[in-house]
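Read through the structure below, which is laid out as structure tokens, and then see the notes.
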There are 2 protein chains.
Amino acid sequence: MGFTELANARLETIGFRSTAPRRAVLRAIEAAGAPFTVEDLLASLPDVGRATVFRTIKLLHELELLCRVPLEDGSVRYQLSQGEHHHHLVCRGCGRFTEFTDLELDARIQEQARAHDFTLEGHAVELYGLCRECRGQGA
Amino acid sequence: MGFTELANARLETIGFRSTAPRRAVLRAIEAAGAPFTVEDLLASLPDVGRATVFRTIKLLHELELLCRVPLEDGSVRYQLSQGEHHHHLVCRGCGRFTEFTDLELDARIQEQARAHDFTLEGHAVELYGLCRECRGQGA
DNA sequence: CTACATGCAAACCCTTTGCAAGCCG
DNA sequence: CGGCTTGCAAAGGGTTTGCATGTAG
């Protein structure tokens with residue numbers, strides 16, 4: 001079962017309607033493959049209204065089906081949430097990013113929260129640099 | 001020597017002019033004490049033009065004299081760069097944040113970059129949750 | 001003096017919203 | 001059918017820009 005069906009089922013379960021525009025957005029996201037901007041999605045969905053695309057993205061993000069990655073320049077990318085909690089390696093050259101998980105890193109984060117008497121509810125870790133391809137090309 | 005003088009000297013060294021508006025912005029930043037929004041700065045500097053405040057902030061950020069902290073809602077705070085590299089605990093209740101450093105955490109980050117054959121140039125770690133005060137009040 | 005810096009207002013970008021019409025269940 | 005959804009266009013906020021004027025060096 002692909003993302004489109006999965007997400008659609010999930011939406012219906014919670015009480016959201018399965019509509020043509022909604023499914024179109026889901027399909028476009030599944031087809032994207034790589035991280036995409038809202039603009040990318042909009043362009044690939046000329047027949048779906050701007051507002052609907054934004055609303056659907058927001059919905060999916062709230063349901064944690066879509067993962068939002070803030071870039072250093074303030075812009076935002078989205079990509080299918082690979083399920084589990086993870087962090088990102090963001091390439092300054094090509095803009096692509098890779099996910100990784102690191103239990104030890106997460107443990108340090110827990111520990112810092114504890115040390116500061118802080119109730120941890122979430123965290124974000126982004127690494128910026130150059131991937132191998134971009135480093136090679138000096139891009 | 002305070003931030004204002006330091007930053008001013010640094011700017012002159014690199015070839016930027018020391019102007020009254022520029023110094024006013026520097027003083028306001030130094031006086032802020034806590035993390036501030038651009039709006040805060042603008043309000044505290046009624047006689048300095050909007051554009052100048054933005055331009056100066058950008059300049060200081062590029063020179064790494066000012067540290068930029070993205071919040072979960074997409075808004076941005078700034079604060080004096082405490083020199084050293086650090087991370088943040090951001091309170092969802094009051095919006096304040098605390099800095100911390102963690103060598104072990106940084107080590108994990110280095111290790112992840114190495115493991116992914118990624119040239120690390122920078123990274124951001126933000127923890128979100130509730131500080132003690134806000135947790136108590138259920139704010 | 002000359003080039004860089006400023007201030008204003010308008011332009012911009014990205015996202016959200018109001019509202020009438022449409023469609024799912 | 002009733003109410004959630006949509007699409008449009010307009011509003012919104014946050015930041016940047018063009019240009020004439022001011023001013024540091």
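None of these values were measured; they are calculated from a predicted model. Residue numbers begin at 1 in each chain, while the letters A, B, ... track the order of the sequences.
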On a plain distance test, is the side chain of Arg50(B) in donor-acceptor contact with the base of dG14(D) below 3.5 Å? no

Pair Thr4(A), Arg23(A): side-chain N/O donor-acceptor within cut-off below 3.5 Å: no

Take Arg50(B) and Glu39(B) through the test salt bridge (Lys or Arg N to Asp or Glu O under 4.0 Å) and record every step on the way to the result. CA-CA 9 Å; Arg50(B) 190 170 203 72; Glu39(B) 221 44 54; 3.8 Å; yes

Taking it one step at a time, do Arg114(B) and Glu111(B) satisfy salt bridge (Lys or Arg N to Asp or Glu O under 4.0 Å)? CA-CA 5 Å; Arg114(B) 189 159 40 236; Glu111(B) 176 50 32; 2.7 Å; yes

NA contact type, Val76(A), heavy-atom cut-off 4.0 Å: base, sugar-phosphate, or nothing? nothing

Please determine if a side-chain N or O atom of Arg22(A) lies less than 4.0 Å away from the OP1 or OP2 oxygen of dT6(D). yes

To the nearest Å, how far apart are Glu39(B) CD and dT15(D) P? 8 Å

Could you check how far CD of Glu62(A) sits from C1' of dT16(C), rounded to whole Å? 13 Å

Given that Val38(B) and Phe16(B) both sit by DNA chain D, which one's nearest nucleotide is further toward the 5' end? Val38(B)

From CG of Leu26(B) over to C1' of dT6(C), roughly how many Å is that when rounded to an integer? 15 Å

Using a 4.0 Å heavy-atom cut-off across all strands, classify Arg55(A) as base, sugar-phosphate, or nothing. base

When you look at Asp40(B) and Arg77(B), which way does the salt bridge (Lys or Arg N to Asp or Glu O under 4.0 Å) test go after all the steps? CA-CA 10 Å; Asp40(B) 292 337; Arg77(B) 298 286 119 91; 5.8 Å; no

What's the CG-P distance between Leu42(B) and dG13(D), to the nearest Å? 15 Å

Measure CG/Leu11(B) against C1'/dA24(D) and give the value in whole Å, please. 14 Å

Tell me the interatomic distance from Asp73(A), atom CG, to dC13(C), atom P, rounded to whole angstroms. 14 Å

Check every atom of dG2(D), dT16(C), dC4(C) against the side chain of Arg17(B) and return the nucleotide holding the closest atom. dC4(C)

Between the side chains of Arg22(B) and Thr56(B), does any donor sit under 3.5 Å from an acceptor? no

Can you tell me which nucleotide in dT6(D), dA24(D), dG25(C) comes closest to the side chain of Glu12(A)? dG25(C)

Protein-nucleotide distance (Phe54(B), atom CZ; dC8(C), atom P), rounded to Å: 15 Å

Students often get this wrong, so: under 4.0 angstrom with heavy atoms, is Ser18(B) touching a base, only sugar-phosphate, or nothing? sugar-phosphate

With respect to the phosphate group of dT23(D), does any side-chain polar atom (N or O) of Thr19(B) fall under 4.0 Å of OP1 or OP2? no

Check the distance between dT5(D)'s P and Asn8(A)'s CG and give it to me in whole angstrom. 12 Å

